[in-house]
Amino acid sequence: MNSDWLDLKSKLNAIFYALSQNINVFDTSFDPEIRVADPRFGDFQVNGVLDFSKKNKKNPRELGQKLLDVAKASEELSPFGMELSGPGFINIRLAPDFLRKWAIQFCGRCDFSQWLRGKTIVIDYSSPNTAKQMHVGHLRSMIIGESIQRMLRFCGANVIRDNHLGDWGTQFGILIMAIKHEKIDVFAMDPETALDEFERLYKEGVTLAKEDENYLNAARKELVLLQRGDGENFKIWEAIGTASYRTFEEIYRQMDVTFDHVLGESFYRDRVDSVCEELEALKIAEKDRGALVVFHRDHGRFREQPFLIRKSDGASNYGTTDLATVRYREENFHANEVIYVTDGRQRDHFQQLFLTVERWFVAKNIPVPKLKHVWFGTVLGEDGRAIKTRSGKSIKLKQLIEEGVSRALAIVVEKNPNLSEWEQKKIARVVGIGAIKYADLSQNRTNDYAFSWDRMLSFDGNTAPYLLYAIARIHALFRKLEISPNREYHLKPMAEFSTPEELSLARKLVNFPAVIGQVLDDLRPHYLCTYLFELASEFSSFYNANRILGEAEDILKKRLLLCQFTLHVLETGLHLLGIETLEKM
Ligand code: ARG
């Protein structure tokens with residue numbers, strides 16, 4: 001079996017397509033649409049006959065039968081059981097002998113690095129604003145972005161991770177004014193409390209400016225000075241950025257998130273004017289009550305709702321910066337694709353940005369990268385409302401992580417009182433942080449979800465502790481046998497999978513590549529979570545019903561292979577979700 005059988009779904013798609021082209025009713029527009037089937041009916045299903053028949057006004061059952069006849073005569077498809085079902089589906093079932101060969105071939109060798117080879121993908125995630133603490137609202141971009149970038153990399157893309165900090169904007173005028181007003185020495189601030197202090201100063205500045213016009217004017221002046229590169233203000237601004245990033249880095253370290261570039265909004269400050277000039281010259285942007293805007297006349301809503309790229313006071317904004325950023329990513333990174341991970345409230349912004357880029361690049365004859373907005377819903381409290389501390393403030397990320405780890409520690413100490421304190425702490429860190437990440441990733445990202453410690457730290461159900469425990473259990477088995485789970489066995493003699501649990505576990509393993517494909521198509525990591533949870537449950541049924549120790553060699557070997565393969569997929573899967581795993585728990 002050669003390596004293109006790894007991804008059976010694509011392989012079957014290619015085979016059925018090729019076969020269909022020998023039947024005169026089918027033409028090149030036919031897509032077999034192979035799907036993973038409900039296990040009661042088979043392993044895979046050819047779905048596309050229905051669509052094709054509808055479009056071409058043919059009888060689907062008849063076409064299905066024709067395709068089935070050819071499939072049955074095909075040498076390549078001989079290891080599969082196939083039958084016609086419903087209005088024209090073809091169900092495909094993998095024979096035990098095929099499953100055995102597939103498992104032997106691909107155990108420990110699930111390599112998808114050819115899938116996205118040659119593609120350069122910039123991913124813009126986390127991207128918090130400086131001068132503020134990260135709070136619970138900053139969790140999702142970081143966690144979802146990290147997981148997606150890992151998957152893209154795993155599939156062979158050249159991934160460029162860019163943290164697009166919000167570090168330039170009108171808020172710095174107010175902040176610098178307040179800093180000067182209170183005579184704060186920003187260079188001597190305690191890094192532990194600097195961000196809290198900036199948040200307080202900013203609020204103070206807003207109040208002052210509201211109450212007294214002199215302060216408002218002072219803030220405006222500070223902003224202009226900063227924008228002109230005035231020495232003192234620039235140094236203050238830099239100190240704010242440094243203090244902010246130091247705090248962010250601490251969180252990134254704990255969450256195991258790394259970037260290739262940190263090119264914040266300020267990086268583009270000298271590149272925004274030319275964007276406005278170009279768009280105006282190309283007649284893509286127009287003046288509207290003193291501002292510069294872009295309308296998309298053939299769009300339902302954006303025909304009247306403009307995309308603002310220069311305010312009436314002459315200042316550029318979020319939109320202008322993002323336009324300059326796309327151009328930079330195209331020119332310097334040669335991005336084929338750019339992915340933005342932000343919350344759903346920015347959907348309009350990105351739609352308008354993408355439409356504008358399209359027109360701009362086409363007009364300039366620059367290749368337009370594929371632009372994708374990976375948006376997500378809100379994290380809610382257990383009561384279903386916006387998550388807040390008891391005093392109504394938003395919860396700081398740092399405290400949230402600390403709480404997760406300390407709650408996990410309490411559970412570990414209770415379950416494993418005999419472990420050393422060092423080990424308990426290590427497990428608690430992995431479980432606590434893994435639980436927070438998994439609770440987020442296991443939800444369809446476009447939904448809101450309720451944050452619940454009890455649920456995410458539970459050892460039952462679709463949670464990180466459940467999966468981490470499943471992994472540790474398989475490691476424990478290998479330790480008991482005193483063999484390495486990574487060892488290549490001499491697999492002959494290996495019996496065929498025969499018990500119902502062996503067969504359904506093997507079938508589940510076969511679906512791993514299809515699941516990765518599904519995640520890539522939609523950039524939704526929850527598909528992988530659901531799959532890993534189901535795989536771990538299948539494993540658990542298998543392990544409870546099938547003896548491993550004390551079996552004859554050929555049976556021992558097939559069961560160990562299933563353990564090894566499951567372990568490998570679970571560990572790879574969690575790694576792709578950005579979650580560390582443990583050998584002992
Ligand atoms: N700083 C923005 C925020 O906190 C997110 C930036 C996302 N990236 C971008 N290129 N616009 O909402």
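What you see is a predicted model, and the numbers here were worked out from it, not measured in a lab. Counting convention: from 1, in listed order, for ligands and their atoms alike.
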Donor + acceptor pair across side chains of Y215, T207 (<3.5 Å): no

Applying salt bridge (charged side-chain N to carboxylate O under 4.0 Å, His left out), can you list everything that pairs with K364, at least two apart in sequence or on another chain? E278

Which label fits F333 and H261: parallel for a plane angle under 30°, tilted from 30 to 60°, or perpendicular past 60°? tilted

Do any pairs count as a salt bridge (Lys or Arg N to Asp or Glu O under 4.0 Å) and have a residue in residues 224-236, sequence neighbours left out, and if so which ones? K180-E232

Applying side-chain contact (heavy atoms from CB on, under 4.5 Å), name anything that partners L409, two or more places apart in sequence or on another chain. V413, Q424, K425, A428

Do Y340 and F354 have ring centres separated by under 6.0 Å? yes

So which protein residues pack against ligand 1 under 4.0 Å, heavy atoms counted? D124, S127, N129, H164, Y318, D322, Y340, T342, Q346, F350

